[in-house]
Visitor: 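There's a structure below that I have some questions on.
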Amino acid sequence: MRRIGVFVCWCGSNIAGTVDVEKVREAVKDMPGVVHSVDYQYMCSEVGQNYLKDAIKEKNLDRIVVASCSPRMHEATFRKAAESAGLNPYLVEIANIREHCSWVHKDKEVGTEKAISLTKAAIAKATLNEELVSGTTQVEKRALVIGGGIAGIQTALDIADAGYLVDIVEQTPSIGGKMAQIDKTFPTLDCSACILTPKMVDAAAHPNITLYTYSEIESVNGFVGNFNVAIKKKPRYVDMDKCTGCGVCIEKCPSKKGKSEFEEGLATRTAIYTPFAQSVPKVPVIDKEQCLKFKTGKCGICSAVCGTKAVKFDQEEEIVNQTYGAIVLATGFDLIKLDNFGEFHNEHPDVITGLEFERLTNAAGPTKGKFVKPSNGERPKKVVFVQCVGSRDKSERGKSYCSKICCMYTAKHAMLIKDKYPDTEVYVFYIDVRTPGKNFDEFHRRAVEEYGVHYIKGMVGKVMPEGEKLMVQAIDSLSGTPLEIDADMVVLASATQAKPDAVALKRKLNISSDLNNFFTEAHPKLKPVETASAGIYLAGACQGPKDIPETVAQASAAAAKAIILLSKKELTNNACVSNVNKNICSGCKACSKMCPYDAISIKMMDIYEHGKVIRKEVAEVNEALCQGCGGCTVSCRPGAIDLRGFTNKQIMAEVDAICL
Amino acid sequence: MGKIEMILNAKEDFKLGKIQMILGWKKEDESIESIPAFIESVEELEELIYDEYCVNNLSKYLIEEAKNGKKVGIFLKKCDALGMEQMIKDNRILSENIVPYQVECSGMKDFQTGEIFKKCQKCLDESQDKYAEVKEIENMTHDERYDYWMGELSKCIRCNACRNICPACNCETCVFEKKDEDILGKANNESETGFYQIIRAYHVAGRCSDCGECERICPVGIPLGKINKKIIKDIEELYGKEDDDTLSSFNLEDDDTFTEKKGGK
């Protein structure tokens, strides 16, 4: 007979408010095997844990059931307490009577009844619990950072400075990301490139950092400490080792009509190109769609003028396989497409987005920093900014969330115009001005008070091109007055959104994302940079809208988490892994086909059965790879596979305890 | 009927030593019933027959007979061949140990009544809607459906015939025979019988070759084929036909677009 101790937690009023904890204790105290039962306000407190430890020693308990909050929260706490009292930690079973019970019930009677059921099930399972021992695995001392924007660069630099190897995988030909496109940063108005480019160069020059630009993640397998990643290097058609970055090929390329992605389509670029002057690496790529050599076979000027013979038209896609201990996701964000916002006439050259504005005021941009209308090159005299275009918009076409950065960058844009051309009239239409952050509100007030930017509460209903003007129709919602402004230029603060390939990436990595496809953190308060998958961390706007200071702070936080992981000598494996009863296994391979972690293989083995030796194929579990998901156990028809800690027998016992 | 040349071929292969055993049919005791024959010697070869009473699917015997590298010749009708293919997919038999002789079939007859089996009629009549019976049940209300199946399943005597004859039910040890887990008791009670039938249906789901043997063999006449057919139809509609391992594979691209239907009673 077991000697089971049951500990029912009140969790203050979190549980006790909806569950009659004494009644729960009363209901289970005479169940077979239960020799000790208490209820206490806070089982997770030191006093509560001591109750548990003392009872183990005094009453000689061999199984523990704690009816409390989710095992995600405190299973480790109680397992540790039991271990310190000399009990194998896996002999502790948690009944979740908070998240699964009190928090979802209003009626105390019903809540109590369910709590009793859950506790009985836990006791039935605990009766069958067995001592489990975890194995260990080595940690690969190398980190992967996906995304080469400011978040990825900062993370990589921090991890590299701690002495570990880091690889950055970036989709585009150069690292730098969105920050490289920005002119000035709020709230200090310092030059974005001036603070970013040194970091880009540092990353490229760091002996511990390897850059994979123009590359994508092909697949991710493995587990924390040992992720096996295949990186697809897209062909640049330029040999990175030979190219000196002299730029003659770019100068001589006759195909000059490609739209520059970096300049947001406001300028053209050649078929062989680097995205921008400070690109890192400074090795160009060939746009196959645009290149005459690829299209007609009759060009190859770049190859002819290249002094080091670096142009390689026959270059092919390359797959690099690498093992990593930790992965940091820093894939950033995009702005939404404005196709469904016809009322703003976004297709008009003088109706631009915030990011296009950044390029138009940038000294390195298509106008050399001269702020002019894209339509005719004249200086605009009246500029209207529209905020929340698609943000805080619950309709189909928009995003329900606040994009967070637009209030600040619009104030910045307004100030930049006023700074250069004080006679320009600037209007900002807003729903709310949201400027929490260090020196943020002061920044916005400066725009209003010192620069005289007209802030008008209200949304713009329509922008109508009329001759050379853009008629902006709006309502000042504070006074109720309809307004019409004959603007020269309209700047739309379009909403931010997750990258289009975020869903594909999340599936490769086995992590989760929210309704808007931003990656989800493991806990919004206590684990803000971790994902629910061990060893995978988040940095920057791939998790949700963020400004640069926040992004950098989170990037360093993610780096710190990765460093902690990489600094470990070995990792303790999950003890709750699958186990094959080789006598029963038919070798049908169903489990190995189903296993998401490739943890099961089929081997020819000698099986001893009733004094006979039978040679047959059976499944074998790699305990280091097994994540204990249990998929194999339900795919096994003869029931030859069991998950340790969650055996078929234990689950049946739980079901019986609830039903009978 | 009587594909004499197939039998001659098999006999030839056996004499040449290409196969060490033939799985076929024979007659016994002057009955018109054809029963499985396990031919291992030249003298027995003459017993081989093939007529309209050879309904037994011989493929399941391969698990035992084709072990240890023994080459086995086997006569297969169209439906039997599908079952064997499934067993090869399940890694229960190695195809290199098997020499199949596919025989033509124009429907098998019940030796007791002399009528063509229902399953064979369905197979031969291609004009029939193969899901007609499933649709009938789908059109019932939840309660009607529950009553229908409880009525049918309550007849089950758990004789295991449906399991033993099924080529997809090919585990070495059946989950119902695991002594230590008490999945089913011995007493005949309704809930456990239902449990047995649900597990049987789900264990062959996605792997059933629709040979109809389970229904034919059932001594109490439970229309088991309808359950299998329903699952086949659902898989076809939800996932399409092309994937073999629909229900036992892990795919990141899988959609979770299931609609939840409330059951009856």
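In what follows, chains are A, B, ... by sequence order, proteins preceding strands, each numbered from 1.
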Visitor: State, to 0.1 Å, how close B:Thr173 and A:Pro638 come at their nearest heavy-atom pair, and which atoms those are.
Guide: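 Scanning both residues, the minimum pair turns out to be O-CB, 3.1 Å.
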Visitor: Near B:Glu138 CD, under 6.0 Å, is it more than 12 heavy atoms from other residues, nucleotides or ligands?
Guide: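 Count over threshold, so yes.
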Visitor: Just wondering, more than 12 heavy atoms not from B:Lys155 lying within 6.0 Å of its NZ?
Guide: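 Yes.
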Visitor: Below 4.5 Å from any heavy atom of chain B, which atoms of A:Asn583 appear? Answer side chain, backbone, both or neither.
Guide: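 Backbone only.
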Visitor: NZ of B:Lys78: more than 12 outside heavy atoms within 6.0 angstrom?
Guide: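 No, because the 6.0 Å sphere around NZ of B:Lys78 holds 12 heavy atoms or fewer from other groups.
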Visitor: Pick whichever of A:Asn581, A:Val503, A:Ile584, A:Thr647 has the most heavy-atom pairs under 4.5 Å with chain B.
Guide: A:Ile584
Visitor: Tell me, for A:Asp598 versus chain B, whether the close heavy atoms (under 4.5 Å) come from the side chain, the backbone, both or neither.
Guide: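 Neither part.
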Visitor: Once you round to the nearest 0.5 Å, how far does OG of A:Ser586 lie from CG of B:Asp90?
Guide: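 Here the interatomic distance stands at 9.0 Å.
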Visitor: Just wondering, more than 12 heavy atoms not from B:Glu64 lying within 6.0 Å of its CD?
Guide: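 Result for CD/B:Glu64: open.
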Visitor: So for atom NE2, which belongs to A:His105, do other residues, nucleotides or ligands contribute more than 12 heavy atoms lying within a distance under 6.0 Å?
Guide: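 Yes, because the 6.0 Å sphere around NE2 of A:His105 holds more than 12 heavy atoms from other groups.
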Visitor: About how many Å separate CE of B:Met87 and SG of A:Cys588, when rounded to the nearest 0.5 Å?
Guide: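 Here the interatomic distance stands at 13.5 Å.
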Visitor: Which region of A:Cys585, side chain (C-beta onward) or backbone (N, CA, C, O), has a non-hydrogen atom less than 4.5 Å from a non-hydrogen atom of chain B, or is it both or neither?
Guide: backbone
Visitor: Of A:Lys582, A:Arg637, A:Lys616, which meets salt bridge (charged side-chain N to carboxylate O under 4.0 Å, His left out) against B:Glu172?
Guide: A:Lys616
Visitor: Quick check on B:Phe38: does its CZ atom have over 12 non-hydrogen neighbours (other residues, nucleotides or ligands) under 6.0 Å away?
Guide: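 Yes - once you tally the heavy atoms of other residues, nucleotides and ligands closer than 6.0 Å, there are more than 12.
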